[in-house]
2 protein chains.
Amino acid sequence: MTYQPAESGLALWRRVADAIESGIAGGKYQAGTRLPGELEIAEQFGVHRHTVRRALATLAERGLVRAERGSGTYVEAQRIAYPIRSRTRFSEIIGTSGREADGRLIDSSVEPAGADLAKKLGLKANAPVVRIDMLRQANRVPICVGTSWLPAERFPAADRIYKTTRSMTKTLAHFEVTDYRRAVTRVGAALVDAADCAALDLRPGSPILLVESVDHDLNGDPILTTRARFAAERIEFVIES
Amino acid sequence: MTYQPAESGLALWRRVADAIESGIAGGKYQAGTRLPGELEIAEQFGVHRHTVRRALATLAERGLVRAERGSGTYVEAQRIAYPIRSRTRFSEIIGTSGREADGRLIDSSVEPAGADLAKKLGLKANAPVVRIDMLRQANRVPICVGTSWLPAERFPAADRIYKTTRSMTKTLAHFEVTDYRRAVTRVGAALVDAADCAALDLRPGSPILLVESVDHDLNGDPILTTRARFAAERIEFVIES
DNA sequence: TTTTATTTGTCCGTATGTATC
DNA sequence: GGATACATACGGACAAATAAA
């Protein structure tokens, strides 16, 4: 068990970290602004600069702040809470957070489904699917890039509908699918690649969240599967059981 | 819409990628083994090396393969599917996948809860909590490091129990909590820091999955909250709705 | 330890089909 | 139709890292 100062029962660096975190949560330090210098914070708490550095390091690891050598430590923007549940709609989620959702079609085509894709969508191998590559934004800030696939027989020219509606929900509604349910979601993480780096406006080496999902209509038939990359610094998934 | 060779309706590099992916899924290329060289694959499909490189790049982005300059391209180990549901138990999940789960206590103490922690656990500010830092492994491979907090009044010396049982489920059972439920899970991503880098046996700059969770007992009272960092290359979360 | 061959990474270029204005 | 931009595909050269002789 760790050494603990007798007076408080809490390691110094944890107290400093808690205080700074409270300052961010309470609005004392606004997103995007610069924190006081390490020496200044140290003086303020009456601790050594190393203690402040340890506190800042834990906050940086959790993505609350970002240190820039030679410049200072900055408060990161709060991540958008992105709930994953039976009813998961990008536009609804972003809209609820008080932001304006926007989708943009990057590319599309009709292709024969590979083995994996055919299985996910319950199709025969090489059955035609509509592929839609898209970029999704909240308040003009890119949130994710991804690819969706729909059965081409049931949803012919879905890509053209998406291009005008800029919303998957509206696109499906065009085909009389008024409601649908998320069946399964898989979440992993990786590093951004060069192409996504530009599309998502991220620095090279930034982490991204990989999401694979399958949606069913109300009869339980798969209608849509998506593979998306989210900017990890802007999003946090929330699963409520 | 993209240019497509008329004969097939599918871009060449996509066909190559699909074929290699099928080879991995079908066991033709086993995890950890080396794929044929780029030139060899190119000859096999009758395409240019650059076309193969594009196919491999997409597979690498999804974490299926990993290229090593001067050596070759290797099939990555399949990520462990880690379901997130009402009943989420590390040892059960790892055990079900045919692996041996193990937990190790790194550090612990009793501390006053900060504002955020007290709220999550439904305690008064500065109420004492037991903090347990731990490392969890599957087949001796580190999977995650994290910190759990429990109300100290209800679970006195929970850290000592954990140290011997090496399992949170067994620790809670010791306090007559035979069952508990995951209430909420938050998932983000970041880069590994120096300390976790060593603990998780990762290369610097590797992505990690950040997980914050709160568990309730069957009365709906919060009993446990955890903040963990998972090695993204070894784990994939699965949410079924 | 040094050399050599192999393999991936990066850059130059050319040609072609498609989409957009 | 023309001009432009972009993605695909091929060709070649060399650098950098690795592995084996």
Side-chain angles (χ1 to χ4, degrees), chain A residues 102-114 117 128-135 142 145-149 152 156-166 171 190-206 227-229, chain B residues 1-21 23-24 28-77 202-206 233:
Chain A
D102 183 36
R104 203 165 58 77
L105 185 138
I106 299 171
D107 187 25
S108 71
S109 75
V110 178
E111 305 170 347
L117 214 52
V129 289
V130 181
R131 171 178 58 83
I132 300 179
D133 293 346
M134 53 194 170
L135 167 70
V145 290
T147 305
S148 290
W149 290 270
D159 49 345
R160 281 199 307 165
I161 313 294
Y162 183 86
K163 192 169 186 179
T164 56
T165 61
R166 305 166 86 83
T171 302
L191 299 181
V192 69
D193 73 357
D196 292 344
C197 195
L200 291 173
D201 193 22
L202 293 172
R203 286 177 295 277
S206 300
R227 203 138 63 192
R229 285 94 63 198
Chain B
M1 326 283 158
T2 11
Y3 158 72
Q4 308 245 335
E7 341 137 27
S8 82
L10 192 53
L12 261 181
W13 65 267
R14 280 184 197 275
R15 276 190 281 174
V16 175
D18 280 357
I20 298 174
E21 188 179 351
I24 293 172
K28 181 176 170 188
Y29 303 125
Q30 302 269 337
T33 63
R34 186 178 166 284
L35 287 179
E38 292 171 354
L39 279 170
E40 198 174 331
I41 298 176
E43 195 176 356
Q44 193 179 313
F45 286 91
V47 300
H48 195 267
R49 176 173 165 244
H50 288 154
T51 310
V52 175
R53 284 185 60 75
R54 172 135 194 208
L56 288 174
T58 64
L59 298 181
E61 191 197 358
R62 286 170 46 207
L64 273 72
V65 303
R66 164 182 41 88
E68 286 185 13
R69 166 140 72 160
S71 174
T73 305
Y74 297 83
V75 181
E76 287 276 24
L202 293 173
R203 286 178 294 277
S206 299
E233 64 185 48

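Residue numbering restarts at 1 for every chain, and letters A, B, ... go by the order of the sequence lines. Everything quoted here is computed from the prediction, not taken from an experiment.
Summarising the geometry, the separation between CH2 on B:W13 and P on D:dT8 is reported as 6 Å, rounded to the nearest angstrom. As a whole-Å value, the separation of B:R14 CZ from D:dA9 C1' is 15 Å. The CG-P distance, from A:D159 to C:dA19, rounds to 11 Å in whole Å. The distance between atom CD1 of A:I106 and atom P of D:dT8, rounded to the nearest whole Å, is 12 Å. A:D107 places its CG atom 8 Å from the C1' atom of D:dA7, with the value rounded to the nearest Å. Look at CG on A:D133: it is 11 Å from P on D:dA7, rounded to the nearest Å. Here C:dT10 presents its P atom at 12 Å from CG of A:D193, a figure rounded to the nearest Å. The distance from atom CD1 of B:I41 to atom P of D:dA9 is 16 Å, rounded to the nearest whole Å.
Side-chain atoms of B:S71 do not come within 3.5 Å of backbone N or O of B:E68 as any donor-acceptor pair. With B:T33 contributing its side chain and B:Y29 its backbone, the two residues share no donor-acceptor pair below 3.5 Å.
Within 6.0 Å of CD in B:E43 there are 12 or fewer heavy atoms belonging to other residues, nucleotides or ligands.
In the region residues 45-63 of chain B, proximity to DNA chain D at under 4.0 angstrom, judged on heavy atoms, holds for B:V47, B:H48, B:R49, B:H50, B:T51, B:R54. The stretch residues 66-73 of chain B touches DNA chain D through B:R69, B:G70, B:S71, each having a heavy atom within less than 4.0 Å of the strand.
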A:V130 vs A:Y162, test: side chain to side chain contact (heavy atoms under 4.5 Å, CB included). Steps then yes/no. CA-CA 11 Å; A:V130 181; A:Y162 183 86; over 6 Å; no

I'd like to know whether B:W13 forms a side chain to side chain contact (heavy atoms under 4.5 Å, CB included) with B:H50, so could you lay out the CA-CA distance, the side-chain angles of the two residues, the decisive distance to 0.1 Å, and finally the verdict. CA-CA 9 Å; B:W13 65 267; B:H50 288 154; over 6 Å; no

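Looking at heavy-atom distances under 4.0 Å, B:R34 makes contact with sugar-phosphate atoms alone, never a base.
Across every non-hydrogen atom of A:P128 and A:V110, the tightest pair is CB-CG1, 4.1 Å. Minimum heavy-atom separation, A:L135 to A:P142: CD1-CB, 3.9 Å. For B:Y74 against B:G32, the heavy-atom pair with the smallest separation is CD2-O, 3.9 Å. Taking each heavy atom of A:P112 and A:V129 in turn, the nearest pair found is C-CG2, 4.4 Å. In plain terms, the two heavy atoms of B:S206 and B:R203 that are nearest each other are OG-O, 2.5 Å. A pairwise comparison of heavy atoms in A:R229 and A:G146 identifies NH1-CA, 4.1 Å as the closest pair.
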When Watson-Crick pairs (N1 to N3 and N6-O4 or O6-N4) and G-U wobble pairs (N1-O2 and O6-N3) count only below 3.5 Å on both distances, what is the dot-bracket string of DNA chain C, with | for other-strand pairs? .||||||||||||||||||||

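Between C:dT20 and A:K163, a contact under 4.0 Å exists linking OP1 or OP2 to a side-chain N or O.
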I'd like a list of close polar pairs between nucleotides 3-5 of chain C and the protein, N/O only, cut-off under 3.5 Å.
none

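By the side chain to side chain contact (heavy atoms under 4.5 Å, CB included) test, A:P156 pairs with A:F175, sequence neighbours left out. Applying the side chain to side chain contact (heavy atoms under 4.5 Å, CB included) rule to A:D133 yields the partners A:I106, A:D107, A:R131, A:T147, B:R14; only residues at least two apart in sequence or on another chain are considered.
B:V75 pairs in a side chain to side chain contact (heavy atoms under 4.5 Å, CB included) with only one of the listed residues (B:L59, B:L35, B:I20), which is B:L35.
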